[in-house]
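Input: a single structure, listed below in structure tokens.
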Amino acid sequence: LENCAILTICNDQGRSVIDLSNLRVFPLALEAVAEDAEVSAVVIRGAGGNFCLGGDLGFLLESSEQGEEYCRNILSLGHAWTRAIISSRCLVVSLVDGLAMGAGVDVAAASDLIAVTATAKFRAFYNRLGLVPDLGGGSLVKDRMGYSGALRFFSDRRSMSAEGSIRVGLSDVLLDGEPNSTDFDRKMLTVTRGLDVSDPGFVAVKTLLNIERYKTLMAEQDASLNI
């Protein structure tokens, strides 16, 4: 895609999970991309047939054994993912193919636009572990679906389909075809149709629209550190 950077959520083992190997890397990569004047849009995608399965459970368990302060530091590093997405000057599109689960939902919801394939599924997962949306997904999903929609989503143990996510406003466009193919790349262009993302005016509008969104995200993330 012209003037578009692609960031892939992938750990050292080639899985679309968040762990110590990529926890610090993703926000830095997104910031570096935004510094390139030739890049006006960023597509976030997963590896191995899924968008993002959230935090690696083994990594999360090991972190919990390191004590409360260590866990807070790790969570703060995770918070930088969604903050970097919202504050990026670029148009950020999450391409959800396969499963977006846990923190993967948070990452997608932070994006400006969410494109889904027919195989996309969203699953909150947090309630099964007695957890809350740890990267700020509560406010981000609520911003897309409204309070009652977000409450239903985070309380439901079932997965939400691609069609369902379009219907309730969680995602924005359903794309058919095989990801990473030339035909699919052409279809991805339809996601940004009508948006002159290279125009400085676009950056100004995006910044203004995200002021309250960013403040609410920060408030939720700060609260999550004390739960």
Side-chain angles (χ1 to χ4, degrees), residues 1-10 16 18 22 25-47 51-52 78-98 100 103-117 120 122 135-137 139-145 162 165-166 168-177 179-218:
L1 296 176
E2 187 177 358
N3 300 325
C4 177
I6 298 177
L7 295 182
T8 302
I9 300 174
C10 184
S16 288
I18 300 172
N22 59 13
V25 174
F26 181 88
L28 295 176
L30 186 55
E31 290 171 4
V33 164
E35 291 176 0
D36 186 343
E38 297 299 315
V39 176
S40 55
V42 178
V43 173
I44 302 173
R45 66 182 182 186
F51 175 71
C52 180
H79 288 168
W81 283 52
T82 45
R83 292 187 184 190
I85 292 171
I86 287 183
S87 60
S88 176
R89 69 162 183 82
C90 300
L91 174 75
V92 181
V93 181
S94 278
L95 173 57
V96 180
D97 179 47
V105 174
D106 301 0
V107 171
S111 305
D112 299 307
L113 297 170
I114 300 177
V116 293
T117 68
F122 296 85
L135 302 191
S139 64
L140 297 171
V141 171
K142 185 179 73 171
D143 190 53
R144 285 181 161 270
M145 298 171 58
S165 71
I166 293 287
V168 300
L170 178 57
S171 53
D172 301 294
V173 60
L174 175 61
L175 300 176
D176 59 358
N180 303 321
S181 67
T182 302
D183 181 58
F184 191 83
D185 285 348
R186 284 198 296 268
K187 291 175 181 176
M188 274 293 294
L189 292 175
T190 65
V191 176
T192 61
R193 182 173 293 164
L195 295 174
D196 186 0
V197 295
S198 61
D199 188 337
F202 171 83
V203 179
V205 169
K206 177 181 173 177
T207 300
L208 289 172
L209 291 175
N210 274 316
I211 290 176
E212 288 302 319
R213 195 167 174 239
Y214 192 81
K215 287 180 179 178
T216 305
L217 173 67
M218 290 183 64

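One-based numbering along the sequence shown.
Under a cut-off of 6.0 angstrom, the local environment of NZ in Lys206 is crowded, with over 12 non-hydrogen atoms contributed by other residues, nucleotides or ligands.
Going from atom OG1 of Thr117 over to atom CG of Leu95 covers 7.0 Å, rounded to the nearest 0.5 Å. We find the CD1-CD1 distance between Ile211 and Ile86 to be 12.5 Å, quoted to the nearest 0.5 Å. Expressed to the nearest 0.5 Å, how far CG of Asp106 lies from CH2 of Trp81 amounts to 11.5 Å. In this structure, Asp143 CG and Glu212 CD are separated by 10.5 Å, a value rounded to the nearest 0.5 Å. In this structure, CG in Leu174 is found 13.0 Å from CD1 in Ile114, a value given to the nearest 0.5 Å.
A heavy-atom distance below 4.5 Å is found between the side chains of Arg83 and Leu217. When side chains are defined from C-beta on, Leu7 counts as touching Val33, because their heavy atoms get closer than 4.5 Å. Between Ser171 and Val96, the closest side-chain pair of non-hydrogen atoms is not below 4.5 Å. Under the 4.5 Å side-chain criterion, counting only non-hydrogen atoms from C-beta, Val93 is not in contact with Val42. With contacts defined as side-chain heavy-atom distances shorter than 4.5 Å, the pair Phe122/Val141 does not qualify. Put simply, the side chain of Ile9 reaches to within 4.5 Å of the side chain of Ile44, judged on heavy atoms.
The salt bridge (charged side-chain N to carboxylate O under 4.0 Å, His left out) search around Arg89 returns none, not counting sequence neighbours. Residues passing the side chain to side chain donor-acceptor pair (under 3.5 Å) test with Asn210 are Arg213, sequence neighbours excluded. Legend: residues meeting salt bridge (charged side-chain N to carboxylate O under 4.0 Å, His left out) with Asp36, ordered by chain and number and at least two apart, are absent.
Formation of a donor-acceptor pair under 3.5 Å by the Ser165 side chain with backbone atoms of Ala162 is found in this model. Between the side chain of Thr207 and the main chain of Val203, a donor-acceptor pair closer than 3.5 Å is present. Put simply, the side chain of Ser16 never gets that close to the backbone of Cys10: no donor and acceptor are under 3.5 Å apart. The backbone N or O of Val92 lies less than 3.5 Å from a partner atom in the side chain of Asp112, making a donor-acceptor pair. With hydrogens and angles ignored, the 3.5 Å screen pairs no side-chain donor or acceptor of Asp172 with any backbone N or O of Ala115.
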